[in-house]
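As a basis for the values below, the full set of heavy atoms in this structure was taken, side chains included, without hydrogen atoms, waters or symmetry mates. Each chain gets a letter, A, B and so on, in the order the sequences are listed, and its residues count up from 1. Predicted model only: the values in this text are computed from it and were never measured.
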There are 6 protein chains.
Amino acid sequence: MRPTVVRKIQRADSKVIATLGEHGVATVHEALGRIGLLEPAIRPIYPQARMAGSAVTVLCPTGDNLMIHAALSVVQPGDVLVVTTSTPSTDGMFGDVLATSCQALGVVGLVIDAGVRDTAELEQMGFPVWARAVYSQGTIKAAAGSVNLPVTCAGLAIRPGDIVIGDRDGVMVVPRVRAEEAATLGEQRRDREAAVRARLAKGELTLDVMELRRLLDDLGVVWVD
Amino acid sequence: MRPTVVRKIQRADSKVIATLGEHGVATVHEALGRIGLLEPAIRPIYPQARMAGSAVTVLCPTGDNLMIHAALSVVQPGDVLVVTTSTPSTDGMFGDVLATSCQALGVVGLVIDAGVRDTAELEQMGFPVWARAVYSQGTIKAAAGSVNLPVTCAGLAIRPGDIVIGDRDGVMVVPRVRAEEAATLGEQRRDREAAVRARLAKGELTLDVMELRRLLDDLGVVWVD
Amino acid sequence: MRPTVVRKIQRADSKVIATLGEHGVATVHEALGRIGLLEPAIRPIYPQARMAGSAVTVLCPTGDNLMIHAALSVVQPGDVLVVTTSTPSTDGMFGDVLATSCQALGVVGLVIDAGVRDTAELEQMGFPVWARAVYSQGTIKAAAGSVNLPVTCAGLAIRPGDIVIGDRDGVMVVPRVRAEEAATLGEQRRDREAAVRARLAKGELTLDVMELRRLLDDLGVVWVD
Amino acid sequence: MRPTVVRKIQRADSKVIATLGEHGVATVHEALGRIGLLEPAIRPIYPQARMAGSAVTVLCPTGDNLMIHAALSVVQPGDVLVVTTSTPSTDGMFGDVLATSCQALGVVGLVIDAGVRDTAELEQMGFPVWARAVYSQGTIKAAAGSVNLPVTCAGLAIRPGDIVIGDRDGVMVVPRVRAEEAATLGEQRRDREAAVRARLAKGELTLDVMELRRLLDDLGVVWVD
Amino acid sequence: MRPTVVRKIQRADSKVIATLGEHGVATVHEALGRIGLLEPAIRPIYPQARMAGSAVTVLCPTGDNLMIHAALSVVQPGDVLVVTTSTPSTDGMFGDVLATSCQALGVVGLVIDAGVRDTAELEQMGFPVWARAVYSQGTIKAAAGSVNLPVTCAGLAIRPGDIVIGDRDGVMVVPRVRAEEAATLGEQRRDREAAVRARLAKGELTLDVMELRRLLDDLGVVWVD
Amino acid sequence: MRPTVVRKIQRADSKVIATLGEHGVATVHEALGRIGLLEPAIRPIYPQARMAGSAVTVLCPTGDNLMIHAALSVVQPGDVLVVTTSTPSTDGMFGDVLATSCQALGVVGLVIDAGVRDTAELEQMGFPVWARAVYSQGTIKAAAGSVNLPVTCAGLAIRPGDIVIGDRDGVMVVPRVRAEEAATLGEQRRDREAAVRARLAKGELTLDVMELRRLLDDLGVVWVD
């Protein structure tokens, strides 16, 4: 198959994306039935990093970041770059030069199953990145890959246009076709949790609030002093 | 053996526990003869996390946090939850809902050989957690384990009522029966170290302050220019 | 071979070292042709850690920090301790006592392929450390090693007097004999990058600024809608 | 989405599958343009393990092997079970009981991104398995997953009916629609390699046989004595 | 606490131990309710390794094997050495010299949460070892630890006299007081499994033999073509 | 620095090399004072692999094996290829084609801090390999590195012409200038160990043979029943 860049992808509604970002990774993951997480090895490079956007997927040959450059010619404001490599790598494929271009073009964040560098500068710029490693190892621009074809990134299959949510808990991905459903379900879950938390804050026990005593009895749990 | 929750455990004196917390992990570990550390993979979820309290031990089936809920019905103010799973796991078994209940009940922290989520919220609440991973993966409430039986957590055997100290260096555990001894030894070590640091700050060498020159000679160390 | 401490080593010019520190790890690594990085597992213990200095190399038997003490008797202001062990280890070989001595003697930082402790105190003191682990495990002072002989540390061969640069991206080492060349090349690279960033900030694409369109065509990349 | 078992899948021609198995993992991987490998952590449980077959994909909740049982009701002779879990796991989800059923039903092997047990018995039976871990940890049969939906297994997206090849080098997967092409390309590569090996066995250099001297010159490689 | 060697320990009946060894790790683990496994990183150094015996527990300072020598003065025929270190280590603490003494004294195997060497010789001698690593790194004989006190080894708390079973699937430990119960339960499980396997070998499905169809229906599993 | 191939290197005496190979990794490592081991992650691809020879060092850009081809034009019978990459990698850089050439040219083995493939064929050919991973991932031939310059491989600094010993315990390297000393010391150690083993085989204790009882007393070890 010839190396391909797909220019146009479908994106979810920007208000829905914003709502998903407000709910955050843990809430949306639960709301959708506990799916969509990237491996926990993918971590934000600074604690305040937070974003939600549409996935522009990039597959690079290991040690080569040429296709990230190609991807930047097809992004739209509100997009998130999702970068993976053909074999496991921690090379520093992205730094402040590419981040400058991203911000100029409206890209709101990066998820990369590899390394990243210039991390102090990236935090200063307020450009959020989730990566497998912080590593300065430079890469070349010599070989082709793909942009906006489906990829597997950090253990998860991601399609272009899927909604990528990142916060301090990590990264999750909502299939584009389920974006509205996820936003609604997330809202419901957020409200339910708020109600539960209010009762717990007063000293009620989760055993009572969530009605778990019966379950413990059914499981034969013995209480001794 | 039937799944069991032990309601009443013996705890050390709260002043002794507070003193141990002030000394911190590294000092008490040294004072007690270099024992009691959990594996270094157990890290605080924010740098300022710090605590000391009495261990309430929880053994959960992997992927199931029901017994944490059971444990919250037997905790007392000043307790620390110590959670482990039946097989290695990074699932996110604890988040801001459970932390709300913990704070309402006076629980001062969590040590978990698994994952945790809602980490931004936990820092905001000031609820300190030491965990193996940050991961949003949800868990179920379907199977029994134990509360307040001895457990092995992150490579260390811990008994209910043992004193758990956590700070930026990690987590250590003092056997309850040695709490007072540890506090006294810690104080002595702290004072000794302060005296040494004062001399070093003036430019004296550790070779002299700690009288190590003779040892180097005995070991046959050669000094060349 | 008898255990040896070499007292006198050659150091690079302090202005050159300062310039290299200002450029930072990623820039100098690129400027020198993508060499000199320590493994990415070597991380700063706090995000603001930053330093550059001359390597004083220390080889310790695993679990024994005696030779760090020996090294402190031969350091000069502006030096960086580079510590490695005879077998892989995460023991906490360095804490606030040794850091107090380091600061009194003008040592500007520590790189250690092992563990470190008292990390909260070290940050408070402003003493930067790059380590494989944070771990309180204490070490003894009983066996000999070497100071200022060539070592392999975190996958890189380092000679005494080499320039060690550390920042949030990790650690890199410039051979002493290439220090001036590295400073000059780093300056050139910094200027080139600044110029590129200025164009990117205005919305130009890297495909144009770096002239990559032709390369993509040569590689047979197909653009589809 | 409701948990689903897809009964009927399309499979490639059995002769083509056999040919791919004869070529082996490394040859087919190269022939198809260096794609399709599972992570190297997936290893055969005995050195002589070797197989090729059609993927029946199974997604199990972590710690629960119920869906493997469901999958065995839809397999056909020549199939390979491809099992993955909802979160990373090393639990021993498969042993000699399930292998007995597999062999009775004509299943020719198992690829599992988790653990396996009874490994001595499995070798004795000649039932080949590629797994992430050997671990006896038992699993339950309590929760639903899916059979014959697309899965991500050990970093690779796999569709039911894809051709799975396993040997001592690991596991690779050929998309079903490219099976014939892969067999042909593999044959060509095998023949080319045999011709090259024949020349090398006589002492010719790869620099000459593969015409690499010119490339080394172009790259500026210097030869010194 | 002073370093201690406990000379006399209670052991289980040798016939019971032999029976447990015949059942093997996976069967006894299941029979006892899925407990007692060491971490899967503990692997046999050759595939045919197999043993069962009474634990003589040894805690060594990292990098020091003196206490293994001390332990050999209190072993009895049928014992298994269970060795752990004060901090994580892969040093090669055991080789053919110690194995020669073990065999002369009737020790039937070694479990070590560290490294081992002379592995070719150990296989030739037929002395089974389960270890975390194969590594030649030598150790010293300079510091004290303990023999026959309770230890934590590879994540499991083990008491002297517990029954240690090792085979190709790894290592499990049966509490001494449950040895007879484990033998009986293991026998029952073995018989049940044999009966199930016989039916499966004829082509019956586990869905029918284990009556799982109803469960799948209750869980809402959908079957589609 | 321009990419360089050094054609001529100094080698140790072939009889000395053969003697070192007979002693094996563990014995020579001890004889030389416990130095020279590669990390334990470097494992033989089959248990019977065994070799000793002169190091021809190769540094490859990650994912590119061109320089192995260059190295084969300067090898001599009795050499061992020692291959490392510019960044951590598990790519399968070596297979049966290169092994065919190695055997035709008299190369006796390969040590590679990366991946290898065609492992079944390599065992059949009797060509021993020690590698970090078995992985089929193919590499390209496009970029320059070096041959016969000093390298760091799996944590150890190696110079061309050093003696590389490999067996089931792993790999160790003897500096060329110490080859004869190592052979002599290895012989002495082998003889001492044989004498010790003979006494132990008769049932004597290492406490007596190695005179360790006094040390245990000095360390304050308590013996209790």
Side-chain angles (χ1 to χ4, degrees), chain C residues 1-4 39 41-43 45 58-70 83-95 97-98 110 112-119 129 131-146 149 151-155 157, chain E residues 1-4 39 41-43 45 58-70 83-95 97-98 110 112-119 129 131-146 149 151-155 157:
Chain C
M1 204 178 58
R2 295 188 58 188
T4 301
E39 294 170 5
I42 304 297
R43 296 295 302 145
I45 60 166
V58 188
L59 172 62
C60 294
T62 301
D64 191 309
N65 72 355
L66 175 61
M67 298 314 287
I68 302 181
H69 295 270
V83 179
T84 190
T85 55
S86 52
T87 67
S89 172
T90 58
D91 287 354
M93 305 174 70
F94 187 99
V97 171
L98 279 166
L110 166 72
I112 185 165
D113 191 351
V116 67
R117 60 189 188 180
D118 302 324
T119 47
V129 174
R132 185 173 291 274
V134 173
Y135 197 33
S136 288
Q137 178 64 42
T139 51
I140 58 176
K141 290 176 242 311
S146 70
L149 293 185
V151 296
T152 300
C153 179
Chain E
M1 206 177 57
R2 296 186 58 187
T4 302
E39 294 170 5
I42 305 298
R43 297 294 303 144
I45 60 166
V58 187
L59 172 61
C60 293
T62 300
D64 191 310
N65 72 356
L66 175 61
M67 298 313 288
I68 302 180
H69 294 271
V83 179
T84 189
T85 55
S86 52
T87 66
S89 172
T90 57
D91 288 354
M93 305 175 69
F94 187 99
V97 171
L98 279 166
L110 166 73
I112 184 164
D113 191 351
V116 68
R117 60 189 188 181
D118 301 325
T119 47
V129 173
R132 185 173 292 275
V134 173
Y135 196 33
S136 288
Q137 178 64 42
T139 51
I140 58 176
K141 288 176 244 311
S146 70
L149 293 184
V151 295
T152 300
C153 179

Write out the donor-acceptor pairs between chain C and chain E under 3.5 angstrom, atom names and distance to 0.1.
residue : atom : partner : partner atom : Å
C:Thr87 : OG1  : E:Asp91 : OD1          : 3.4
C:Asp91 : OD1  : E:Thr87 : OG1          : 3.4

Closest heavy-atom contact between [X] and [Y]?
X: E:Cys60; Y: E:Ile68; result: SG-CG1, 4.0 Å
X: E:Pro61; Y: E:Ala144; result: CG-O, 3.3 Å
X: C:Ala154; Y: C:Ile42; result: CB-CG1, 3.5 Å

Exercise. Quick one: CG on E:Leu98 to CG on E:Leu110, what's the gap to the nearest 0.5 Å?
Worked result: 9.0 Å
